[in-house]
Q: 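Structure in structure tokens, see below.
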There are 2 protein chains.
Amino acid sequence: MDSETILQALRQHGYRVTRPRRAIALALAQARGWLRAEEVLARARDRCPGLGLVTVYRALALFTELGFARRVHLEDGCHGYAAAQPRQEPQAICRVCRAVVHISAADLRPLLRRAAAHSGYQIESLLVEFTGLCPRCQGGEDQGIRNQAAR
Amino acid sequence: MDSETILQALRQHGYRVTRPRRAIALALAQARGWLRAEEVLARARDRCPGLGLVTVYRALALFTELGFARRVHLEDGCHGYAAAQPRQEPQAICRVCRAVVHISAADLRPLLRRAAAHSGYQIESLLVEFTGLCPRCQGGEDQGIRNQAAR
DNA sequence: CTCCTTATTGAAATTCATTTTCAATAATAT
DNA sequence: ATATTATTGAAAATGAATTTCAATAAGGAG
Ligand SMILES: [Mn+2]
Ligand SMILES: [Mn+2]
Ligand SMILES: [Zn+2]
Ligand SMILES: [Zn+2]
């Protein structure tokens, strides 16, 4: 996902394109996996010294609303963020290296239809998150730290 | 879901069956939808007067581990809890009344298979949460508060 | 380019759900 | 009953995330 796309969307929605937002968008786009807010901050500071954590939270919330970022729900209740595309809701996340793979929302339709039919619910939003091992991290968990995706 | 089942599982796993745990299990089982920790506390106190919030959190964590409770991920980052059955992972939640419907994990298999095939991931755990309107809350959002499920 | 308006930013303080500590209590086995 | 120890609850601490508010800078008008 190109960080330029995010910036264009900002303009289109009437938001200003600022240095902090550019730096945050780029940091998220270039990451190989999901990042905590603090990690986004550390990376975005390369391009925007003085950047504050508050601004990172605000930008991440904004990007998430626009569909260009997605929250990752961590066991401890905190959240990570991963670059995303507006139409691909579900994601699979590697437990070890944090790599994120997005799954087409179209793949979900059959399940959605069945769930709706079975329950009578009119479904408005999805939260689908699979956790496991990405191909690279399979069959070698104890081969040392393979945390490559995050950086 | 019967609260007795939870207590039996506790015994089987070597945990003690205490008054607080009984009260919490019952509160959760009798709720018509998900509850916040504070709400569980309020209800469980009927059967266990001096009950503390800390114990509620601990019991909910324990029940969740055993599969008898499931977390609901709220927008603000906090969590609710709903009674659950060990083998039904996905859940649909009513935005209005909090009613929770569980979906058989079997329904997920095709999606899971496709996701795994497409991404090469070896999936270990799922987080599937649909949000929308339950049958009762459809076509009448402005008909006043229908928050029936929660109580 | 210059000026204006106001969205945006960042430091500091605050919030508040959740966790940790630790001494007192009560569940289970013998 | 008695002993063992898992469990509990009050208080304090944690820490991710948010709110405040004065200073700053983006973008539009002239
Ligand atoms: Mn939190
Ligand atoms: Mn969450
Ligand atoms: Zn991996
Ligand atoms: Zn409802």
Side-chain angles (χ1 to χ4, degrees), chain A residues 4 6-28 34-66 69-81, chain B residues 4 6-28 34-42 44-66 69-82:
Chain A
E4 278 307 314
I6 305 183
L7 303 180
Q8 280 183 29
L10 284 179
R11 280 193 200 88
Q12 285 175 11
H13 288 257
Y15 294 105
R16 295 184 183 174
V17 175
T18 66
R19 197 135 114 87
R21 285 177 178 163
R22 265 196 294 266
I24 293 166
L26 194 67
L28 203 65
W34 62 264
L35 300 173
R36 292 172 222 275
E38 287 276 12
E39 296 169 328
V40 173
L41 175 67
R43 296 172 189 210
R45 265 185 173 157
D46 290 350
R47 308 222 163 206
C48 182
L51 181 64
L53 184 58
V54 201
T55 302
V56 171
Y57 275 110
R58 286 191 280 228
L60 289 175
L62 184 55
F63 296 172
T64 301
E65 253 190 55
L66 297 177
R70 199 140 292 142
R71 288 166 83 169
V72 174
H73 294 261
L74 275 29
E75 274 305 317
D76 67 356
C78 304
H79 299 93
Y81 293 86
Chain B
E4 277 307 316
I6 304 182
L7 302 179
Q8 280 184 29
L10 284 179
R11 280 192 199 89
Q12 284 174 12
H13 288 258
Y15 294 105
R16 294 184 182 173
V17 175
T18 67
R19 198 134 116 86
R21 285 175 178 164
R22 267 196 292 264
I24 294 165
L26 194 67
L28 203 64
W34 62 263
L35 300 174
R36 291 173 223 273
E38 287 276 10
E39 297 169 327
V40 173
L41 174 67
R45 265 186 173 156
D46 291 349
R47 309 223 163 204
C48 183
L51 181 63
L53 185 57
V54 202
T55 303
V56 172
Y57 276 110
R58 285 191 281 229
L60 289 175
L62 184 56
F63 296 172
T64 300
E65 254 190 53
L66 297 176
R70 200 141 292 141
R71 288 166 81 169
V72 174
H73 295 261
L74 307 175
E75 275 305 317
D76 67 355
C78 303
H79 300 93
Y81 292 86

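Note that this is a predicted model, so its numbers are computed, not measured. These values consider heavy atoms only, across backbone and side chains, with no hydrogens, waters or symmetry-generated copies.
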Q: Output the rounded distance in Å from CZ (R16(B)) to P (dT4(D)).
A: 13 Å
Q: Would you say the side chain of L28(A) lies within less than 4.5 Å of the side chain of I24(A), judging by non-hydrogen atoms?
A: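 The answer is no; the side chains never approach within 4.5 Å.
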Q: Look at the side chain of R11(A) and the base of dG27(D), then say whether one donor and one acceptor between them are separated by less than 3.5 Å.
A: no
Q: Return no unless some side-chain N or O of R21(B) is found under 4.0 Å from OP1 or OP2 of dT8(D).
A: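 Looking at the OP1 and OP2 atoms of dT8(D), one of them is under 4.0 Å from a side-chain N or O of R21(B).
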Q: Return the value, rounded to whole Å, for the distance between atom CD of E38(A) and atom C1' of dA17(D).
A: 11 Å
Q: Taking OP1 and OP2 of dT18(D), is either one under 4.0 Å from a side-chain nitrogen or oxygen of Y57(A)?
A: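 So the side-chain polar atoms of Y57(A) never come under 4.0 Å of the phosphate oxygens OP1 or OP2 of dT18(D).
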Q: As a test of reading the structure: which of dT18(C), dA11(D), dT19(D) is closest to the side chain of V54(B), going by heavy atoms?
A: dA11(D)
Q: Taking 4.0 Å as the cut-off, does a side-chain nitrogen or oxygen of H79(B) come that near to OP1 or OP2 on dA17(C)?
A: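 Answer is no, no contact under 4.0 Å.
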Q: Rounded to whole Å, please give me the gap between CG in L51(A) and P in dA23(D).
A: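 Distance check: L51(A) CG to dA23(D) P gives 21 Å.
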Q: Can you tell me how far C1' of dA7(C) sits from CG of L10(A), to the nearest Å?
A: 13 Å
Q: Go nucleotide by nucleotide along DNA chain C from the 5' end; which of G14(A) and R45(A) gets its closest nucleotide reached first?
A: G14(A)
Q: Distance check needed: dA10(D) P versus R58(B) CZ, whole Å only.
A: 11 Å
Q: Report the distance from atom CZ of R22(A) to atom C1' of dT9(C), rounded to the nearest whole Å.
A: 14 Å
Q: So do the side chains of L66(B) and L10(B) get within less than 4.5 Å of each other, counting heavy atoms only?
A: yes
Q: Take atom OH of Y15(B) and atom C1' of dA26(C), then tell me their distance rounded to the nearest Å.
A: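 My rounded result for the distance is 18 Å.
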Q: Between R19(A) (side chain only) and R47(A) (backbone N and O only), is there a donor and an acceptor less than 3.5 Å apart?
A: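 Present.
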Q: Atom CG of L53(B) and atom C1' of dA11(D): how far apart are they, to the nearest Å?
A: 13 Å
Q: Could you tell me whether the side chain of R71(B) and the main chain of E75(A) form a donor-acceptor pair under 3.5 Å?
A: yes
Q: Quick one: is T18(B) getting a side-chain N or O under 4.0 Å of the dA26(C) phosphate, OP1 or OP2?
A: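 Answer is no, no contact under 4.0 Å.
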Q: With DNA chain D as reference, determine whether C48(B) or D76(B) sits nearer its 5' end, using the nearest nucleotide of each.
A: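 Looking at DNA chain D, the more 5' nearest nucleotide goes with C48(B).
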Q: Using 30° and 60° as the class limits, which term best fits the ring planes of H79(A) and H79(B): parallel, tilted or perpendicular?
A: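 It falls in the parallel class, under 30°.
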